[in-house]
Number of protein chains: 2
Amino acid sequence: MKKLRFALSLALFTGMPLLSQSQTTDVLESPDGHLQVRLATDTEGHLSYEVNYKDLAVIRPSRLGFLLEKPHMRLQRFLVLDRQNASADTTWEPVLGEVARIRNHHNELALELQDATGSGIRVMVRFRVFDDGVGFRYEFPDQEALDHFIIKEEVTEFALAGDHKAFWIPGDYDTNEYLYNTTRLSDIAALDAVARERDIAISSPIGDNAVQTPLMLVADNGLYINVHEAALVNYSTMNLVLDKATLTFRSHLVPDAVGNKGYLQTPAHTPWRTLVISDTPEAILASKLILNLNEPSQIEDTSWIRPQKFMGVWWEMHIGKGSWDLASGNHAANTENVKKYIDFASEHGIDGVLVEGWNEGWEDWFGNWKEDVFDFVTPYPDYDLDELTAYAATKGVSLIMHHETSGSVTNYERRMDRAFQYMKAHGMHTVKTGYVGKIIPRGEHHDGQWMNNHYIRVARKAAEYQIMVEAHEPSHPTGLHRTYPNWLANEAARGNEFNNAPALGITPEHQTILPFTRLMGGPMDFTPGLFHFKLNQFVPERTTVVRTTLAKQLALYVTMYSPLQMAGDLPENYRKHPEAFRFIVDVPVNWQDTRILEAVSGEQVIIARKDKESEDWYVGGITDEQERTARITFDFLNKGQSYMATLYKDGPKAHWDHNPEAHTIETRMLRHGTPLKVTMAEGGGFAIKVKAVK
Amino acid sequence: MKKLRFALSLALFTGMPLLSQSQTTDVLESPDGHLQVRLATDTEGHLSYEVNYKDLAVIRPSRLGFLLEKPHMRLQRFLVLDRQNASADTTWEPVLGEVARIRNHHNELALELQDATGSGIRVMVRFRVFDDGVGFRYEFPDQEALDHFIIKEEVTEFALAGDHKAFWIPGDYDTNEYLYNTTRLSDIAALDAVARERDIAISSPIGDNAVQTPLMLVADNGLYINVHEAALVNYSTMNLVLDKATLTFRSHLVPDAVGNKGYLQTPAHTPWRTLVISDTPEAILASKLILNLNEPSQIEDTSWIRPQKFMGVWWEMHIGKGSWDLASGNHAANTENVKKYIDFASEHGIDGVLVEGWNEGWEDWFGNWKEDVFDFVTPYPDYDLDELTAYAATKGVSLIMHHETSGSVTNYERRMDRAFQYMKAHGMHTVKTGYVGKIIPRGEHHDGQWMNNHYIRVARKAAEYQIMVEAHEPSHPTGLHRTYPNWLANEAARGNEFNNAPALGITPEHQTILPFTRLMGGPMDFTPGLFHFKLNQFVPERTTVVRTTLAKQLALYVTMYSPLQMAGDLPENYRKHPEAFRFIVDVPVNWQDTRILEAVSGEQVIIARKDKESEDWYVGGITDEQERTARITFDFLNKGQSYMATLYKDGPKAHWDHNPEAHTIETRMLRHGTPLKVTMAEGGGFAIKVKAVK
């Protein structure tokens with residue numbers, strides 16, 4: 001009988017330390033008492049943690065530790081030397097954000113550990129438990145036994161309590177631009193997903209059971225769990241590899257050129273491993289846990305950091321109207337064309353105009369692993385930057401710089417100072433960087449420690465020049481826009497440009513998943529606002545389409561937070577729908593408050609946000625390929641205040657596939673508590689401007 | 001019978017194409033007709049070359065070609081499309097050098113080849129035959145069939161005609177600081193040689209049959225052959241791997257982090273593969289073939305480039321008087337100490353003072369593969385650079401900058417502009433760079449394409465700032481000081497500091513081998529001039545010794561050409577021998593003429609050089625551990641001119657081991673043709689200043 005029970009335990013917890021064997025148990029609770037973390041070491045010193053939420057298992061006992069390359073050893077068995085408890089309840093104000101003030105309320109436990117195998121190495125494991133989740137990290141204090149060290153792998157486990165529904169993209173060292181997959185954990189098949197992709201420039205998939213974070217999980221028992229990391233500084237990006245037998249994820253860091261995964265020197269620490277946990281999906285989106293686990297702004301004077309909207313000489317190249325390169329004979333970034341964008345932006349109060357393909361080198365940049373590719377200071381001869389600088393200034397518009405590195409980062413770093421000096425000499429304050437290509441230094445990956453340091457280096461150096469940055473093709477964001485608020489946004493996911501990708505494109509559900517995944521880490525330059533849906537406008541044989549309605553494109557400005565938003569389409573396409581374009585003109589990109597009204601990953605997202613500068617609210621709602629009816633109660637409006645609502649919604653017969661442009665614009669008065677029902681078409685959505693009047 | 005002959009052929013030429021099977025034969029001769037190159041393709045299109053000198057075989061038929069990674073193919077079978085002949089006979093003047101004018105006299109043959117396997121790829125093989133050797137390279141012209149391509153290996157063979165005596169160091173991706181080995185080819189055992197070394201910081205040996213170039217070979221039939229390369233630009237360094245069965249070397253390029261060996265884009269070409277060939281050893285040292293195969297100066301205004309001598313706060317750290325780092329409590333690079341060097345240099349007309357350990361970071365720099373190591377602009381608090389700048393200026397001395405990168409080249413490249421600006425702001429015009437450590441980008445090697453490009457990038461950027469450069473721990477020099485004359489010298493071999501290395505040190509023969517090997521590629525900063533021979537001056541338990549006599553140290557200023565020469569020892573050691581130091585003060589570092597009077601690798605080297613600025617001559621002679629008598633006939637002096645010779649020679653009982661400091665100084669009058677007999681002690685030498693008088 002005893003024997004049978006032992007066998008059962010093994011079957012249930014294969015590879016897991018049993019809490020019953022544990023030597024030490026520490027318990028840490030969230031301020032509201034709903035979340036509980038237990039830490040224990042077994043008889044051999046293996047350290048594990050488990051997480052429960054309202055008595056439901058979130059993370060079953062899961063091990064913590066490292067494989068080190070230098071010194072060459074396993075760092076997985078510990079003696080607990082000491083434990084320290086702490087609490088915090090503070091508020092802080094982000095420079096730009098979804099809300100004006102953020103509360104940081106958590107309890108903390110730090111275990112001081114010593115390697116049990118005799119090396120003398122000391123490690124701290126620090127847990128912070130918030131009402132909406134858990135963060136923990138490893139810290140390596142200054143010590144005699146450890147100075148410089150090399151990580152072979154971080155062995156952090158996330159043993160899940162059930163075969164949850166997961167929203168995932170394949171684990172990869174170089175790209176996060178995959179379409180999301182929705183399966184049970186046991187059905188994750190990452191390499192199949194990779195095989196379906198055809199339009200990603202550079203990918204280095206890890207394996208069939210490997211996924212990236214932010215990973216969104218929905219449990220059958222009604223729990224919502226988001227796994228990610230915060231403050232990814234001087235460390236490799238974490239992927240997760242699932243052991244399907246135990247439903248346990250293990251961390252898998254991105255290696256460097258020689259297979260190592262991290263070079264650290266004490267004192268050092270890892271990023272925070274984060275679990276945002278709730279029994280409502282809306283609370284996941286409302287969580288500020290990841291921001292709270294990042295460091296405050298390292299930029300002292302932030303007065304020059306501005307939220308902004310911009311247009312760009314960009315989409316016309318994607319859809320074949322023009323080209324990036326001059327040799328094509330169809331060069332889009334020419335002085336006259338850019339002036340048209342400046343004119344249109346100026347007419348409509350859009351802050352900036354991005355110009356891609358402005359500089360020499362586009363004839364020979366992609367796919368060749370070429371190091372000396374762009375110099376970032378030499379415009380094409382048909383692009384008169386001095387003239388445009390003066391012209392833009394008279395129109396009250398800023399030009400936005402484009403630094404496509406082609407992945408040749410050694411080249412960019414050599415030239416970055418001069419490139420930023422060149423920008424400032426031409427009155428430019430914002431740069432879009434790009435990393436389309438295999439990385440140089442060769443053997444490094446987009447998501448490795450070296451590149452993660454590079455992205456931060458760019459943000460820091462840009463700040464020296466009072467330049468704002470948004471990066472395309474970087475590693476996944478982890479809330480670093482708190483620490484470097486001039487780092488406004490990133491792409492780092494499948495953005496709107498993938499509508500033009502022939503293989504998979506962008507499915508209607510995609511934008512409802514992004515807030516639960518990619519956006520957990522920070523603002524995305526999704527480049528919304530496409531008003532022309534069949535992408536054969538200039539290339540008749542092209543069959544790609546934007547799989548949303550027009551109203552949904554408007555809604556994205558609200559559902560997808562970013563302090564930097566593009567009006568992605570061409571001026572001529574906006575001129576066909578001037579009333580709808582009005583919403584893009586009006587919608588702010590910086591907020592004093594945000595309410596997640598309804599949000600189900602893969603189905604719908606409805607969010608209300610209050611302008612940072614006024615009493616006006618904006619509401620956006622989007623659906624997947626299903627028609628849905630949104631029921632909004634305006635209980636977030638000020639009592640006693642009248643509001644004029646302008647509602648941009650799908651037309652009666654709108655449909656992402658055969659009638660995407662159909663939309664209607666209505667106005668009506670609203671007050672606190674007014675109910676509103678809005679029907680979203682298949683692949684549709686709505687946007688509402690709620691203007692305080694009188 | 002026929003069968004037997006076939007078998008014999010195979011035994012003699014295993015793996016070799018037989019000329020008798022050849023389809024095409026081209027013959028190219030040197031201007032004097034002594035050297036002959038034959039090119040042939042066999043029935044399958046394999047291209048081979050052979051070299052003969054006065055009817056003696058130098059290189060037996062040896063294949064040419066490549067393995068490519070992208071496109072993935074062998075590029076070894078060719079159709080000959082065309083052949084072009086050319087000749088040149090010009091002279092040019094080096095900015096700095098051993099002679100005032102250099103004759104470039106050669107015949108040239110370029111074969112235009114097309115890949116015989118149908119790719120359409122075209123390659124040129126260009127041979128230049130001089131009276132003193134052969135150079136050849138591959139060229140990839142601009143073409144439809146090839147744009148960007150990746151080299152997996154260059155397959156260039158050097159099939160030698162006998163089991164020659166070879167002066168070699170082990171093939172290695174990261175160091176050329178080995179002691180030389182002298183064996184028959186068949187006795188090369190590189191890994192045994194590696195195993196004997198104990199004092200080389202970073203090494204990546206290739207294999208037991210792998211050696212580096214310049215490789216000096218002496219054949220039993222009286223031929224002298226030096227194998228090397230010229231103009232190593234945008235390409236990996238070539239090592240050679242011997243097939244002992246056929247006595248054939250094959251090129252082995254240094255790989256990058258992912259195992260590739262070269263990233264090229266058409267039009268492109270390889271470095272020249274060089275064979276300096278003669279029947280006298282002196283002609284090998286006199287050869288200007290490698291310089292002739294380099295491009296002319298790319299620096300237009302060279303008026304700021306100056307030859308120079310310097311002292312340094314450097315050796316005292318090696319021998320334990322002081323330390324590089326401040327935390328030691330014994331920091332050598334402090335203001336007062338540096339002033340003493342400035343005073344001494346100023347008193348003796350020495351141009352510069354190098355100061356190592358001047359900047360923050362030396363407490364934590366070596367062996368940790370640390371990226372953010374030095375910033376090159378932050379002096380230690382006890383080093384007042386502003387004060388020293390002013391002080392040096394009043395004394396007519398220039399401070400020489402030290403940029404130790406620790407191998408963290410990404411860090412250096414980011415900071416290089418500011419570092420050079422900082423130098424200029426402090427009146428410094430010369431920088432010693434250093435690469436002690438594993439390279440970052442991690443996975444790259446000191447001798448790979450990326451680093452070879454880096455060294456040139458430093459020379460070019462330094463030239464923008466009118467800064468002169470000498471690099472320590474770079475890849476082997478290949479004559480690029482012609483193209484970048486501000487790149488004055490390199491270490492790139494076992495220099496004088498290795499006298500203090502406990503395991504092997506520097507053997508007495510070493511300096512007689514260097515001119516035949518390392519120096520074939522260009523000037524070396526050997527840092528001669530050590531006057532104190534037992535290196536326990538400050539650390540009594542130290543057992544290392546300088547294994548030369550004092551007179552030999554003086555001779556090195558003549559036998560080892562460099563436009564940048566250090567007076568390596570401490571001022572207090574020079575003050576003990578002021579008369580001998582006078583030679584170091586007097587000896588020029590730039591010459592209008594050079595005569596190799598006698599030179600046998602591993603035995604002795606006697607060279608006479610004529611000052612660039614006067615009619616004075618300087619003669620240096622060195623021997624290995626054998627006592628030898630030099631017999632000089634001064635037939636290079638002007639007829640009818642009187643000369644006062646000051647002879648610095650070993651004392652009667654001088655000996656490198658037990659009496660190294662013993663020397664005598666004599667004067668005597670000389671005329672054209674005067675004979676002189678000088679005895680060199682074991683490990684000794686002599687130096688003569690021959691001053692034109694009246």
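Just so you know, these numbers use all the heavy atoms, side chains as well, and skip hydrogens, waters and symmetry mates. Chain identifiers are assigned alphabetically (A, B, ...) following the order of the sequence lines, protein sequences preceding nucleic acid strands; residue numbering begins at 1 within each chain.
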Q. Is the B:Y138 to B:Y235 ring centre distance short of 6.0 Å?
A. no

**Q.** Heavy-atom closest pair, residues A:R442 and B:A257
**A.** O-CB, 3.4 Å

Q: Only counting residues at least two apart or in another chain, list the ones meeting side-chain hydrogen bond (donor to acceptor under 3.5 Å, both in side chains) with B:S251.
A: none

Q) Picking from A:R457, A:K70, A:K370, which has the most non-hydrogen pairs under 4.5 angstrom with chain B? A) A:R457

**Q.** Side chain, backbone, both or neither of A:N368 within contact of chain B (heavy atoms, under 4.5 Å)
**A.** both

Q.
Under 6.0 Å between ring centres: does that hold for B:Y422 and B:F376?
A. no

**Q.** Toward chain A, the part of B:N453 with a non-hydrogen atom under 4.5 Å
**A.** neither

Q.
Please classify the contact between B:R415 and chain A as side chain, backbone, both or neither, with a heavy-atom cut-off of under 4.5 Å.
A. neither

Q) Considering the options A:E444, A:H252, A:H446, which one meets the side-chain hydrogen bond (donor to acceptor under 3.5 Å, both in side chains) requirement together with A:Y173? A) A:H252

Q) Which atoms form the tightest heavy-atom contact between B:D172 and B:D447, and what is the distance? A) O-OD2, 3.6 Å

(Q) Is any side-chain heavy atom of A:I440 closer than 4.5 Å to one of A:N411? (A) no

Q: Would you please indicate yes or no on a ring centroid separation below 6.0 angstrom for B:F66 and B:F140?
A: yes

Q) What residues of residues 458-473 of chain A sit under 4.5 Å from chain B when you count only heavy atoms? A) A:K461, A:E464, A:Y465

